[in-house]
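Every chain is numbered from 1 and lettered A, B, ... according to where its sequence line falls, protein lines coming before strand lines.
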Amino acid sequence: MDILNREFYSRNSDKVAKELLGKLLVRKVRDRFISGFIVETEAYFDKDDPASRAAQNGRTEMTEAMWGEPGTIFVYMVHGHWMFNVVTDEKDKASAVLFRALKPLDGIDFMRSNRNKKDIRELCSGPGKLTQAFDIDKSFNRKNICELKDLSITDYNFKNFELGRSKRVGVSEDLDEPMRFFVKDSKFVSR
DNA sequence: ACACTGATTAACT
DNA sequence: GTTAATCAGTGTG
């Protein structure tokens with residue numbers, strides 16, 4: 001199980017978002033190993049994407065991470081919850097993939113205590129839920145996921161699933177192409 | 001000081 | 001299944 005390298009992220013964000021499905025998000029906290037399969041993502045673009053923070057806020061202290069190298073982690077808060085993104089494409093392009101849902105695999109008791117919920121479906125089935133379950137916050141912002149020991153994404157050729165596509169969640173004026181990708185029939189996607 | 005946000009949750013039918 | 005109060009950081013005045 002290899003850690004995905006920078007080349008993986010150096011492509012269009014819709015392509016990266018699609019290929020991230022079935023990969024494994026891995027977190028290490030002290031001696032604990034926490035992981036989950038990625039089952040839902042959304043792609044965000046730089047130009048002509050009104051839903052992206054890049055277009056909404058411009059280049060500020062808070063959004064600076066979006067202009068970083070591919071693999072740069074971009075964390076921001078909305079509605080009191082942390083959103084976890086990884087920057088794609090090339091530097092200075094400001095496109096990224098938002099992680100929306102995971103299927104919990106290792107460290108489920110750790111997630112349960114972070115979330116204060118016992119139903120396994122309630123642990124990572126939403127962008128704010130999975131950051132709470134994995135203990136991901138602003139301290140990861142602007143770091144590169146290819147270089148960290150305590151947070152990484154590893155390859156895992158879990159391909160036995162059907163790809164679902166839809167419009168992005170909570171975006172009123174969305175792009176013509178559906179940019180939300182998910183594992184069809186998974187119990188662990190949001191909503 | 002106030003309103004905005006890509007969400008979550010409890011508390012209902 | 002559906003709604004309404006609420007989370008907290010950031011931008012605008």
When the distance from CE of Met62(A) to C1' of dT12(C) is rounded to whole Å, what number comes out?
15 Å
May I ask you to say what Asp174(A) touches in the nucleic acid, namely base, sugar-phosphate or nothing, with a heavy-atom cut-off under 4.0 Å?
nothing
Sort out the partner of dC7(C) for me: Watson-Crick or G-U wobble, both distances under 3.5 Å, none otherwise.
none
Report, as yes or no, whether the 6.0 Å neighbourhood of atom CG on Asn116(A) holds more than 12 heavy atoms from other residues, nucleotides or ligands.
no
Should Glu42(A) and Arg100(A) count as an ion pair when the cut-off is N to O under 4.0 Å?
yes
Short side-chain N/O contact to dG11(C) OP1/OP2 from Thr60(A), under 4.0 Å
yes
What string of B, S and - do you get for nucleotides 8-13 of chain B 5' to 3' if you count protein non-hydrogen atoms under 4.0 Å?
SSS---
Length of the line joining Phe84(A):CZ and dA7(B):P, which is rounded to integer Å:
17 Å
How long is the line joining CD of Glu64(A) and P of dT10(C), in whole Å?
14 Å
Starting from the C-alpha separation in whole Å, work towards a yes-or-no answer on side chain to side chain donor-acceptor pair (under 3.5 Å) for Ser125(A) and Ser190(A).
CA-CA 5 Å; Ser125(A) 57; Ser190(A) 64; over 6 Å; no
Between P of dG9(C) and CG of Asn57(A), the distance in whole Å
16 Å
If you look at every strand shown and take non-hydrogen atoms under 4.0 Å, does Gly80(A) touch a base, only sugar-phosphate, or nothing?
base
Gap between atoms CH2 and C1', on Trp82(A) and dC7(C) respectively (whole Å)
12 Å
Apply side chain to side chain donor-acceptor pair (under 3.5 Å) to residues Glu7(A) and Tyr9(A) and explain how you reach the verdict.
CA-CA 5 Å; Glu7(A) 283 72 51; Tyr9(A) 302 103; over 6 Å; no
Test of ring centre spacing under 6.0 Å for Phe37(A) and Tyr156(A):
yes
With sugar-phosphate meaning primed atoms plus P, OP1 and OP2, does Val78(A) contact a base, only sugar-phosphate, or nothing at under 4.0 Å between heavy atoms?
base
Expressed as a whole number of angstroms, how long is the span from Gln56(A):CD to dG11(C):C1'?
12 Å
Against the six-membered ring of Phe8(A), is Arg11(A) placed for a cation-pi contact (under 6.0 Å from the centre, within 45° of the normal)?
yes
Quickly work out the Arg180(A) CZ to dA7(B) P distance and round it to whole Å.
11 Å
Length of the line joining Arg168(A):CZ and dA7(B):C1', which is rounded to integer Å
17 Å
The single option from Thr60(A), Asn85(A), Val78(A) passing side-chain contact (heavy atoms from CB on, under 4.5 Å) against Arg53(A)
Val78(A)
